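As structure tokens, the structure follows; a few thoughts come after it.
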Amino acid sequence: MKVGDLVTDDRSHMDKSNWFWNAWLRRGVVVEVHNPKVVSVVWQKHGKVWRQCEQVSKLEILNEGR
């Protein structure tokens, strides 16, 4: 994972029939790589924007940055 990647929460552990499948869906951009396991992500959902450190294993890449 690198700076500029468009990411979302990894939902591979959930069944698509789960009522909460889309409940926490958010999209973000990786803005800083702290180490191979932790990155900073700027999230956006419903018009709100915030920055948060996340574990790489809990993220799914939607589109790779250049």
Side-chain angles (χ1 to χ4, degrees):
M1 196 162 293
K2 62 185 182 285
V3 173
D5 287 351
L6 180 65
V7 296
T8 189
D9 297 302
D10 181 16
R11 296 176 292 161
S12 62
H13 64 283
M14 295 177 71
D15 188 314
K16 288 186 179 183
S17 64
N18 186 323
W19 285 37
F20 297 104
W21 173 254
N22 285 326
W24 301 107
L25 185 61
R26 57 189 179 163
R27 292 176 192 93
V29 176
V30 176
V31 293
E32 188 176 355
V33 178
H34 299 287
N35 61 52
K37 295 184 180 182
V38 179
V39 295
S40 286
V41 179
V42 172
W43 294 106
Q44 184 275 330
K45 183 176 180 180
H46 302 301
K48 296 182 176 143
V49 178
W50 68 98
R51 184 177 176 153
Q52 190 172 0
C53 289
E54 297 285 345
Q55 293 181 4
V56 171
S57 63
K58 296 186 178 193
L59 298 173
E60 177 182 339
I61 296 175
L62 295 174
N63 195 5
E64 291 187 6
R66 293 183 181 209

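Predicted model only: the values in this text are computed from it and were never measured. Count residues from 1 along the sequence.
Rounding to the nearest 0.5 Å places CE of Met1 at 9.5 Å from CD of Glu60. With values rounded to the nearest 0.5 angstrom, Leu59 atom CG is found 8.5 Å from Thr8 atom OG1.
Each salt bridge (Lys or Arg N to Asp or Glu O under 4.0 Å) pair with one or both residues in residues 31-44, not counting sequence neighbours, appears once here: Glu32-Arg51.
Between the Asp5 side chain and the Val7 main chain, no donor and acceptor come within less than 3.5 Å of each other.
A 6.0 Å sphere centred on NZ of Lys58 holds no more than 12 heavy atoms belonging to other residues, nucleotides or ligands.
The hydrophobic cluster containing Val31 does not contain Ile61, counting ILVMFWY residues as joined when their side-chain heavy atoms lie under 4.5 angstrom apart, directly or transitively.
Residues meeting the side chain to side chain contact (heavy atoms under 4.5 Å, CB included) test with Lys45, sequence neighbours left out: Arg26, Trp50.
Considering all non-hydrogen atoms of both residues, Val38 and Val56 come closest at N-CG2, 4.0 Å.
Gln44 is listed as a side-chain neighbour of Val49, based on a closest heavy-atom distance under 4.5 Å.
Through side-chain heavy atoms spaced under 4.5 Å, either directly or across other Ile, Leu, Val, Met, Phe, Trp or Tyr residues, Leu6 is tied to Val29, Leu62.
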